[in-house]
Amino acid sequence: MASLQQTATLSLQSNLFPSGRAASRNPLSVTIRSGPRRRGAHGIRMSATVATSYAIALVDLAKANNTLESTSADVEKIEKIFSEKQIHEFFVNPTIDIEKKREMVDEICKSSALQPLTGNFLNILIDAKRVDVVKDIVKEFEEVYNKMTNMEMAVVSSVVKLESEHLAQIAKQVQKLTGAKNVRIKTVIDPSLVAGFTVRYGKWGSKLIDMSVKKQLEEIAAQLDLGDVQLAV
């Protein structure tokens with residue numbers, strides 16, 4: 001399926017996003033179909049994946065309802081929620097009733113203050129049995145959103161939470177390196193770094209600034225490798 005170019009269309013009813021959660025009352029519908037590669041309404045050529053199709057659908061829907069910024073914030077929350085193993089396994093488990101999954105979506109929406117739009121979108125993924133690609137949808141959504149807003153995403157990993165002024169300095173440096181109009185910082189706590197921090201940016205985090213003690217220790221260990229040392233006897 002990933003080999004087919006996927007496109008997505010959204011049909012909106014006048015009574016957008018009621019509180020009901022049943023599929024029959026869900027006014028948001030996503031149609032996935034194969035077809036030739038094209039540019040979306042936002043002018044960005046996307047790869048041929050189901051996740052891309054759903055991501056574009058969500059972006060278009062958010063734009064139509066003037067909720068792009070709040071939807072982007074919701075997508076960040078979804079990423080954190082579904083990174084929890086138990087939650088992810090619950091939703092991808094085919095033996096669990098769909099209605100129970102919808103009830104869980106209701107609880108998540110309330111506890112995380114998600115928009116009704118976002119909750120309905122999650123229910124669509126449940127109905128289509130496509131919750132398994134939710135993490136990929138998040139990545140694709142961020143890719144589209146960043147291009148639309150000329151935003152560079154930088155993931156800063158550190159052992160402890162960095163001060164806001166340090167994050168601001170990192171953002172300025174990434175802005176200089178990329179020429180992006182805006183830089184968005186996402187923070188991650190990673191004890192394995194020992195100390196210092198790393199910054200990943202670029203498409204899919206392809207570029208790395210490594211200022212961690214872990215990297216320094218690895219370099220020292222490499223220098224101390226005796227494999228290439230000629231010993232006098």
Side-chain angles (χ1 to χ4, degrees), residues 1-11 17 21 23 26-42 44-64 67-68 70-109 112 114-148 153 155 186 188 200 202-206:
M1 182 170 291
S3 63
L4 297 175
Q5 174 64 26
Q6 303 292 335
T7 60
T9 59
L10 296 174
S11 64
F17 310 119
R21 62 176 182 273
N26 194 336
L28 167 62
S29 64
V30 179
T31 303
I32 306 297
R33 64 179 186 276
S34 60
R37 174 175 288 189
R38 68 175 183 88
R39 286 185 182 273
H42 38 69
I44 300 171
R45 192 180 294 273
M46 303 303 296
S47 61
T49 67
V50 172
T52 297
S53 298
Y54 280 108
I56 292 175
L58 184 55
V59 167
D60 288 344
L61 177 66
K63 286 176 61 181
T67 59
L68 186 59
S70 53
T71 301
S72 176
D74 279 0
V75 169
E76 283 194 36
K77 294 177 183 178
I78 288 174
E79 181 181 26
K80 292 180 180 179
I81 291 168
F82 280 86
S83 65
E84 296 183 21
K85 184 178 179 181
Q86 289 183 336
I87 291 179
H88 184 264
E89 290 181 348
F90 173 84
F91 280 104
V92 299
N93 189 337
T95 65
I96 297 178
D97 185 71
I98 287 180
E99 186 61 25
K100 289 184 179 179
K101 294 179 179 180
R102 290 184 183 140
E103 290 174 357
M104 178 63 76
V105 167
D106 283 350
E107 293 180 14
I108 290 173
C109 287
S112 301
L114 300 180
Q115 303 173 92
L117 178 154
T118 309
N120 277 293
F121 188 78
L122 289 175
N123 279 328
I124 282 179
L125 296 182
I126 291 171
D127 293 339
K129 295 180 174 61
R130 298 270 47 174
V131 182
D132 60 312
V133 297
V134 67
K135 295 179 182 179
D136 291 330
I137 293 173
V138 167
K139 292 179 181 178
E140 293 290 353
F141 179 95
E142 289 181 342
E143 185 73 18
V144 176
Y145 173 84
N146 292 342
K147 288 183 178 180
M148 288 178 61
M153 174 70 76
V155 180
K186 183 183 295 185
V188 176
R200 282 201 173 275
K203 187 171 183 178
W204 296 92
S206 57

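Computed over heavy atoms, backbone and side chain alike; hydrogens, waters and symmetry mates excluded.
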- Note on the structure: Minimal heavy-atom distance between T71 and A62, with the atoms involved, is OG1-CB, 3.5 Å
- Query: Going from CG on N123 to CG on D106, what distance comes out if it is rounded to the nearest 0.5 angstrom?
  - Reply: 7.0 Å
- Query: Got a second to check how far M148's CE is from L68's CG, nearest 0.5 Å?
  - Reply: 5.0 Å
- Query: Has the side chain of K77 got a donor or acceptor atom that lies under 3.5 Å from a matching backbone atom of S112?
  - Reply: yes
- Task: For residues C109 and G119, report the shortest heavy-atom separation together with the two atoms involved.
- Result: SG-CA, 3.5 Å
- Item | Electrostatic pair K139-E143, nearest N-O below 4.0 angstrom | no
- Tell me, with the steps shown, if I124 and R130 meet side chain to side chain contact (heavy atoms under 4.5 Å, CB included). CA-CA 8 Å; I124 282 179; R130 298 270 47 174; over 6 Å; no
- Task: Using a 4.5 Å cut-off on heavy atoms from C-beta on, say whether the side chain of K63 contacts that of V59.
- Result: yes
- Note on the structure: Per side chain to side chain contact (heavy atoms under 4.5 Å, CB included), F141 is matched among L58, T52, D136, I56 by L58
- Got more than 12 heavy atoms from elsewhere within 6.0 Å of NZ, K100? no
- Task: Rounded to the nearest 0.5 Å, what's the gap from CG on L117 to CG on L61? Could you check?
- Result: 4.0 Å
- Do the side chains of L125 and I137 get nearer than 4.5 Å, heavy atoms only? yes
- Any K101 side-chain heavy atom under 4.5 Å of L122 side chain: no
- Qualifying ring pair (Phe, Tyr, Trp, His ring centres under 6.0 Å) pairs with a residue from residues 82-103, counting only residues at least two apart or across chains: F82-F91
- Message: If you compare all heavy atoms of S70 against all heavy atoms of Q115, which two are closest, and at what distance to 0.1 Å?
- Response: OG-OE1, 3.1 Å
- Note on the structure: Separation between CZ (R102) and CE (M104), nearest 0.5 Å, reads 14.5 Å
- Can you measure from NZ (K186) to NZ (K80) and round to the nearest 0.5 angstrom? 8.5 Å
- Item | Set of side chain to side chain donor-acceptor pair (under 3.5 Å) partners for S83, sequence neighbours left out | none
- Message: Just so I know, are the side chains of D74 and T67 near enough to count as touching, which here means a heavy-atom distance under 4.5 Å?
- Response: no
